[in-house]
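Residues take their numbers from the sequence shown, with the count starting at 1. Each ligand, and each atom within it, is numbered from 1 in the order the structure gives.
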Amino acid sequence: MLSIPFDNSYARLPARFFAQQDPVKVRAPSLIAFNAGLARDLGITAPDETELAQVFAGNAVPDGATPIAQAYAGHQFGQFNPQLGDGRAVLLGEVIDQSGLRRDIQLKGSGQTPFSRRGDGRAWLGPVLREYVVSEAMHALGVPTTRALAATRTGQDVFRETALPGAVLTRVAASHIRVGTFQLFSSRQDYEGLQTLFDYTVDRHYPTATSPEDLLRAVGQKQVDLVAQWLSIGFIHGVMNTDNCSLSGETIDYGPCAFLEAYNPDTVFSSIDRRGRYGYAAQADIILWNMAQLATALVPLLPDTDAAIRTFTQIVHAMQQQMRDAWLSAFAAKLGISAPQPEDAQLIGDLLVLMDANQVDFTNGFRGLSDETAHALFKDETGFDTWEKRWKTRIETEENPHALMQMRNPALIPRNHQIEAMIIAAVNGDDAPFHRMNRALSSPYLVSEDFADLRAPAHPDEAVRATFCGT
Ligand code: AMP
Ligand code: MG
């Protein structure tokens, strides 16, 4: 028997926080992947594949689960939507993991809920496998993220532009509390609910916070650090709506996400992001916009509105400098600089300008600095050599710059064209590329002969220019 040691605190909150909702059964569940290491962390004992498929496709609700769809609101591309909620996901429940942290176990693509609006509540195989691979890669890269516990086929088609194979992802998160969850209660003027959510969030994620100001500062720092890490590995989330912004500071809701290849700060992949609101470099600004929305939602928790607005404005403004500092330390580390000075921003910026002008692959360009292969990637050899001299002088005083660099410059990232090829193979019934990508990306900082092919950027004819939403 599958045993999951559930303890479901969110389901004990007031009824208006969620809707009770069982996953909707599917025709023919089959297991694609089960993350045994993560399962052990969560205290889940794994039975045979058939039972895993039944549970993680939503056909069997395990003992102790209290399946709910969570209510939330959110700004989508700047437009406030007062009612979103889990339209295609259910939270089975929570477990306390080996290190004592409470973790959510959620099925995504598990059928309609009261929040589905016009959606079918389903996911197709492509986005499920993309989220599995990319979220696990992000974890291995050292970036805070939700995890993937399982992926199953449903044996049912979903209809997008064409019929596509359906799938369910089992996602594990520190929680699914979003900026949009605060916005839901605040915009409804449900201040009792807002206070309850505040208390719950503080208790679960920020036990030392004693005020809304503390919470805003703490979340802001986590988000700023998170985005700095995204930028440092060339990650573009693609849909940084406030409902996709987690209070825990984890990367959440992988939709049309993608990684930079040739460096260009204006890169946008998402087909729905026509104005580049969530482009690569824009992420550093938009996270502050999201934090301003959180601040606005928290205002009613304080007795004096004017004073609250003044304080929150200062806190959010201070995040600009925090963002610059987080960016500087993340990128300095990529150059082997352990204690960055303000003037290092120029050295980093000049390298990025060269990478942009020479269309250098972001990942291989940085990784190549340690092993002398970078030079060959720059058409402007003199430009690079001049920069390299400055850099080498700068790191003379560093104790072990190359060790630091090899921990911060991955050899492997999930490249967009490889993900697309992996998805096409899986649609045709071949899951081997999916499993291979997972194996390779579990050690993204190691150089391995076995995965040398995965280090190559896309040929022009393979390049992915647009990515589509995860629906
Ligand atoms: P996302 O873009 O995945 O962050 O989703 C935004 C909102 O749309 C959330 O409330 C989702 O639950 C909902 N949604 C996305 N896809 C579907 C779907 N296929 N069926 C129902 N709701 C969906
Ligand atoms: Mg979302």
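- Remark: side-chain polar atoms of S116 are paired, donor with acceptor, to backbone N or O of G87 under 3.5 angstrom.
- Ion pair D431/R153 flagged as a salt bridge, since at least one NZ, NE, NH1 or NH2 atom sits closer than 4.0 Å to an Asp/Glu carboxylate oxygen.
- Salt bridge absent: K222 and D225 never bring a charged side-chain N and a carboxylate O closer than 4.0 Å.
- Here N241 does not reach the Mg ion (ligand 2): none of its N/O/S atoms is less than 2.8 Å from the metal.
- Every atom of ligand 1 with a heavy atom of N244 under 4.0 Å away is listed here by number and element: 4 (O).
- With a heavy-atom cut-off of 4.0 Å, N241 does not touch ligand 1 at all.
- Annotation for ligand 1: atoms under 4.0 Å from non-hydrogen atoms of Q76 are 6 (C).
- Applying the 4.0 Å criterion to heavy atoms of R122 picks out, from ligand 1, the atoms 19 (N).
- Close N/O approach between R88 and ligand 1 is found [any backbone or side-chain N/O within under 3.5 Å].
- Residue contacts with ligand 1, taken as heavy atom pairs separated by less than 4.0 Å, involve Y72 solely via side-chain atoms from C-beta onward.
- A heavy-atom separation below 4.0 Å is found between G121 and ligand 1.
- Q321 CD: more than 12 foreign heavy atoms inside a 6.0 Å radius.
- Side chains of N59 and K25: no donor on one and acceptor on the other come within 3.5 Å.
- Nearest N/O/S atom of D253 with respect to the Mg ion (ligand 2) is recorded as OD2.
- Using a 4.0 Å cut-off between a side-chain N of Lys or Arg and a carboxylate O of Asp or Glu, D253 and R178 qualify as a salt bridge.
- Among the atoms of D86, none of the N or O lies under 3.5 angstrom from an N or O of ligand 1.
- Checking G85, G109, G87 against atom 10 (O) of ligand 1, the nearest heavy atom belongs to G85.
- With a 4.0 Å heavy-atom cut-off, ligand 1 is reached by the side chain of R160 but not by its N, CA, C or O.
- Every heavy atom of R118 sits 4.0 Å or more from the atoms of ligand 1.
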Could you check F235 against Y280 for ring-ring contact (aromatic ring centres under 6.0 Å, His included), going step by step and ending with a plain yes or no?
CA-CA 7 Å; F235 177 74; Y280 170 76; 9.9 Å; no

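- Residue-level proximity to ligand 1 for Q112 is absent, since no heavy atom of it falls below 4.0 angstrom.
- Of the charged side-chain nitrogens involved, none lies within less than 4.0 Å of a carboxylate oxygen, so that D361 and R455 do not count as a salt-bridged pair.
- In this structure, Q359 places its CD atom where only 12 or fewer heavy-atom neighbours from other residues, nucleotides or ligands lie under 6.0 Å away.
- Under a 4.0 Å criterion applied to the non-hydrogen atoms of D253, ligand 1 contributes the atoms 4 (O).
- Under 4.0 Å is where a charged nitrogen must lie from a carboxylate oxygen, and between E94 and R103 no such pair does.
- Put simply, D243 stays out of reach of the Mg ion (ligand 2), with no N, O or S atom under 2.8 Å from it.
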